[in-house]
Amino acid sequence: MRYLVIIWVTLFMITGMVSAQELKSPNGNFEMKFALLSDGTPTYELSYKGEEVIKTSKLGLELKDDEKSLLNDFSVTDTKTASFDETWKPVWGEETEIRNHYNELAVTLNQKGTDRIMIVRFRLFDEGLGFRYEFPQQKNLVYFVIKEERTQFAMTGDHTALWIPGDYDTQEYDYTRSKLSEIRGKFDAAVTGNASQTQFSKTGVQTALMMKTADGLYINLHEAALINYSCMHLNLDDENMIFESWLTPDVQGNKGYLQAPCTSPWRTIMVSDDARDILASRMTLNLNESCKIEDTSWIHPVKYVGVWWEMITGKSSWSYTNDYPSVKLGETDFEHAKPNGTHAANTKHVKEYIDFAAKHGFDAVLVEGWNVGWEDWFGHSKDYVFDFVTPYPDFDVEGIHQYAKSKGVKMIMHHETSGSSRNYERHIDTAYQFMNKYGYDAVKSGYVGNMLPRGEYHYGQWINNHYQYALEKAADYHIMVNAHEAVRPTGICRTYPNLIGNESARGTEYQAFGGSNANHVTILPFTRLVGGPMDYTPGIFEMDIEKLNPDNHSHVNSTICNQLALYVTLYSPLQMAADLPEHYNQFMDAFQFIKDVAVDWQKSIYLEAEPGDYVTIARKAKNSGNWFVGNVNGYNKRTSEIKLDFLEKGKKYVATIYSDAKDADYKTNPQAYEIETKNVTSKTKLKIDSAPGGGYAISIVEKK
């Protein structure tokens with residue numbers, strides 16, 4: 001179904017006619033104003049239901065080695081408005097149809113003295129505002145270098161924010177909740193160790209940034225369609241409460257190299273007086289181009305298990321031998337090396353995972369550490385680190401391929417690059433051909449450690465183009481991509497739906513690296529997941545990591561029911577049951593929910609939400625009448641009250657409720673849960689207690 005209405009209206013055609021331009025959202029709740037200051041500086045402001053949300057904020061870009069940057073001395077030469085309304089169908093998603101409805105204002109600016117042209121395009125949705133810079137083909141602006149983008153977001157007060165430190169290399173931080181004025185004082189404590197990290201300011205934070213005003217308005221700042229551009233951070237002027245864009249530089253300190261005609265990514269502002277609207281918004285996706293892959297039949301959701309958590313906890317190793325302090329691909333003799341006895345990616349063990357996946361209905365098995373080079377892969381700025389095709393002696397590629405095929409299970413490839421992006425591009429065609437040969441249709445790539453070329457950061461323009469190159473190249477080979485340590489998603493999965501997952505935030509692995517905040521998963525839906533799905537790798541049932549590795553004293557700060565709920569609350573078409581099979585065998589009744597829960601959805605209903613405190617979501621499985629509900633809770637015990645009025649009226653259902661036991665607690669009693677089965681209808685109301693760091697999960701099946 002597609003509805004499309006476009007109306008272009010030319011408002012001003014005469015140079016020098018400067019006055020405020022106004023734009024309203026389709027439902028009238030938002031109003032945006034554009035104006036030039038007396039010195040020709042472009043500005044905008046935004047209000048929601050008559051209340052100012054963004055005060056007058058400047059727009060423009062500072063150019064390198066240029067006598068006159070794109071900051072002021074502009075005049076308006078043309079303004080056009082349009083209305084757009086369509087409904088499109090994603091390949092996978094939180095619903096089967098997405099409405100893309102906005103009103104648009106495009107302002108053409110001409111700079112005095114340079115005769116340069118810049119267009120600022122605004123799109124106002126019922127959820128908020130997106131805007132970007134456009135540079136058409138012209139004589140006086142062709143190749144140019146960005147010193148800094150100077151986009152402002154002027155706040156109306158000292159809002160409460162959920163933030164992580166601005167960093168060119170990692171997003172893997174716990175969130176801090178504080179007033180904007182407190183960011184500077186809390187910044188150092190918010191920075192925790194990582195394999196690669198580079199902060200730039202004591203008031204620098206990352207998007208998506210979630211805030212709440214004293215009047216109860218929720219504000220989210222992010223970006224969409226990050227293509228051929230540097231990732232945007234936000235730097236706060238904490239005296240005036242003004243955020244300004246701060247792009248990721250390259251090794252020379254430059255923020256971007258552009259060639260007209262070109263555009264910037266969209267800068268996005270979502271606002272609502274109901275936190276659930278932030279979760280329900282598809283504005284980020286709608287600001288991206290439609291799907292560029294003509295045949296998408298090979299792209300599909302995946303539920304998987306894998307040889308991974310045992311290495312993360314230190315129970316097993318990625319490396320095959322302890323004989324060599326360094327290895328050289330093609331030279332080091334692994335055939336005659338002494339096995340270390342801890343290498344997990346061996347044929348016998350992988351077949352055990354294949355058997356487990358086949359028995360319990362999982363689609364695929366991920367194996368890490370199968371390929372040579374893990375003995376010295378990290379921390380050495382090593383260029384030729386992996387070749388992505390040569391297995392260790394104990395990993396039978398062909399035998400595993402045939403065994404998995406006989407069991408109806410796919411294998412998921414693992415390509416860790418150790419940050420050596422040049423090396424990955426050197427091998428990428430051969431690696432993808434290898435995957436095609438052995439039936440791997442999905443790859444988990446990784447970029448742990450400092451980037452190569454040396455001096456580049458994880459989120460600069462150059463490496464963002466690398467991620468995009470790997471994604472588009474994968475599409476040529478009909479391969480789905482799950483990129484870890486890559487730039488945070490900005491809705492590109494609409495254009496390239498073979499991007500079925502990213503990490504790009506603090507995932508489950510940190511529960512084995514000292515633990516994460518117990519309310520972390522109540523924040524991610526409002527921040528990281530605004531840009532696209534996350535491979536969070538949930539499903540941990542054994543919270544005491546010492547039981548896997550006596551030397552690792554970490555604790556998973558979650559109850560079992562919280563882990564179950566993540567399959568609903570942290571949306572992804574790629575979902576892992578991350579724990580070891582033996583732990584699932586101990587709690588097979590709880591594991592049933594992971595077996596049952598869908599990974600692709602027809603409809604999503606956001607029942608309860610407060611960032612940092614709780615999230616409750618109901619989703620209807622695609623091509624099914626089954627519903628699944630998930631609730632994740634923060635630090636305070638809470639009673640959740642929900643209505644099942646989303647169920648079809650007149651039908652009867654059976655609900656299986658997995659909930660925290662009365663004495664459950666993420667720290668002291670995380671494995672305490674109860675399972676209740678009851679008959680329900682659309683008139684049913686449920687009251688369920690959620691423990692600290694807990695939650696609940698419900699599967700609802702139509703009664704036969």
Side-chain angles (χ1 to χ4, degrees), residues 301-306 309 352-365 407-409 508 521 536-543 556 558-601 616-632 640 642 644 647 652-661 664 669-680 684 686 688-691 694-704:
V302 180
K303 192 189 296 185
Y304 72 106
V305 295
W309 184 241
E352 292 170 351
Y353 271 85
I354 294 171
D355 289 341
F356 184 83
K359 179 179 179 180
H360 296 290
F362 285 79
D363 303 305
V365 175
K407 296 283 186 173
V409 173
T508 298
V521 294
Y536 185 75
T537 60
I540 305 302
F541 280 13
E542 178 50 71
M543 312 306 174
V556 179
S558 166
T559 68
I560 282 182
C561 287
N562 179 283
Q563 291 289 309
L564 297 182
L566 296 175
Y567 292 90
V568 181
T569 60
L570 295 186
Y571 168 69
S572 179
L574 177 76
Q575 290 284 20
M576 184 182 197
D579 211 336
L580 308 187
E582 51 262 41
H583 296 153
Y584 292 135
N585 289 332
Q586 295 173 27
F587 302 97
M588 194 52 65
D589 55 351
F591 184 61
Q592 187 63 44
F593 181 83
I594 299 178
K595 293 172 61 174
D596 292 341
V597 69
V599 287
D600 201 15
W601 306 102
T616 310
I617 300 174
R619 303 191 196 270
K620 185 180 183 182
K622 187 180 286 187
N623 302 319
S624 167
N626 298 342
W627 285 82
F628 296 87
V629 181
N631 163 271
V632 288
S640 177
I642 61 171
L644 303 188
L647 298 177
K652 296 179 180 180
Y653 298 82
V654 177
T656 304
I657 304 170
Y658 305 78
S659 60
D660 295 320
N669 199 14
Q671 294 176 320
Y673 61 88
E674 299 173 347
I675 301 177
E676 177 187 7
T677 300
K678 63 189 306 181
N679 295 324
V680 298
T684 301
L686 298 176
I688 307 173
D689 291 336
S690 293
Y696 59 83
I698 310 173
S699 63
I700 304 174
V701 179
E702 190 175 341
K703 201 169 184 178
K704 296 179 181 179

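- Here the side chains of V365 and V409 are in contact, with some heavy-atom distance below 4.5 Å.
- The shortest side-chain heavy-atom distance between V599 and V302 does not fall under the 4.5 Å cut-off.
- Residues meeting the side-chain contact (heavy atoms from CB on, under 4.5 Å) test with E542, sequence neighbours left out: D544, K547, L548, D579, H583, Q671.
- For A590 against I560, the heavy-atom pair with the smallest separation is CB-CG2, 4.2 Å.
- By the side-chain contact (heavy atoms from CB on, under 4.5 Å) test, P670 is found to be paired with M543, H555, residues two or more places apart in sequence or in another chain being considered.
- Annotation: salt bridge (charged side-chain N to carboxylate O under 4.0 Å, His left out) contacts of E352 (sequence neighbours excluded): K348.
- Note that CD of E676 is 5.0 Å distant from CD1 of I657, once rounded to the nearest 0.5 Å.
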Stepwise side-chain contact (heavy atoms from CB on, under 4.5 Å) check, Y673 with L564 = CA-CA 11 Å; Y673 61 88; L564 297 182; over 6 Å; no

Pairs under 3.5 angstrom only: tabulate donor-acceptor contacts from the side chains of residues 694-704 to other protein residues two or more places apart or in another chain.
| unit_1 | atom_1 | unit_2 | atom_2 | d |
| --- | --- | --- | --- | --- |
| Y696 | OH | S640 | OG | 2.7 |
| E702 | OE2 | K651 | NZ | 3.4 |
| K703 | NZ | N679 | OD1 | 3.4 |

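- By the ring pair (Phe, Tyr, Trp, His ring centres under 6.0 Å) test, Y658 is found to be paired with F593, residues two or more places apart in sequence or in another chain being considered.
- Partners of T616 by side-chain hydrogen bond (donor to acceptor under 3.5 Å, both in side chains), not counting sequence neighbours, listed by chain and number: E608, N631.
- Heavy-atom minimum distance, Q575 versus L566: NE2-O, 4.1 Å.
- A distance of 8.0 Å separates CZ of R619 from OG1 of T569, quoted to the nearest 0.5 Å.
- The shortest non-hydrogen separation linking W601 to Y567 is CZ2-O, 4.3 Å.
- In this structure, the side chains of L644 and Y653 stay at 4.5 Å or more apart for every pair of heavy atoms.
- Nearest approach of I540 to A578, heavy atoms of both residues: CD1-CB, 3.9 Å.
- Annotation: side-chain hydrogen bond (donor to acceptor under 3.5 Å, both in side chains) contacts of D596 (sequence neighbours excluded): Q592.
- Partners of S624 by side-chain contact (heavy atoms from CB on, under 4.5 Å), not counting sequence neighbours, listed by chain and number: A621, N626.
- Every residue two or more places apart in sequence or in another chain was checked for a ring pair (Phe, Tyr, Trp, His ring centres under 6.0 Å) with W309, and none qualifies.
- Smallest separation of non-hydrogen atoms from I594 and V597: O-CG1, 3.5 Å.
- When the salt bridge (charged side-chain N to carboxylate O under 4.0 Å, His left out) test is applied to K622, the partners found at least two apart in sequence or on another chain are D600.
- Heavy atoms only, all atoms of each residue included: S572 and L574 are closest at OG-O, 2.8 Å.
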Could you go through residues 353-364 and list every donor-acceptor pair under 3.5 Å that involves a side-chain atom there, pairing it with any protein atom two or more places apart or in another chain?
| unit_1 | atom_1 | unit_2 | atom_2 | d |
| --- | --- | --- | --- | --- |
| Y353 | OH | E310 | OE2 | 3.2 |
| D355 | OD1 | Y403 | OH | 2.6 |
| D355 | OD2 | Y403 | OH | 3.2 |
| H360 | ND1 | K595 | NZ | 3.2 |
| D363 | OD2 | K303 | N | 2.8 |

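- Of the possible polar contacts, one joining the Y584 side chain to the G539 backbone as a donor-acceptor pair under 3.5 Å is found.
- The NZ atom of K678 lies 12.0 Å from the OG1 atom of T656; values are rounded to the nearest 0.5 Å.
- S558 meets the side-chain hydrogen bond (donor to acceptor under 3.5 Å, both in side chains) test with N562, Q563; sequence neighbours excluded.
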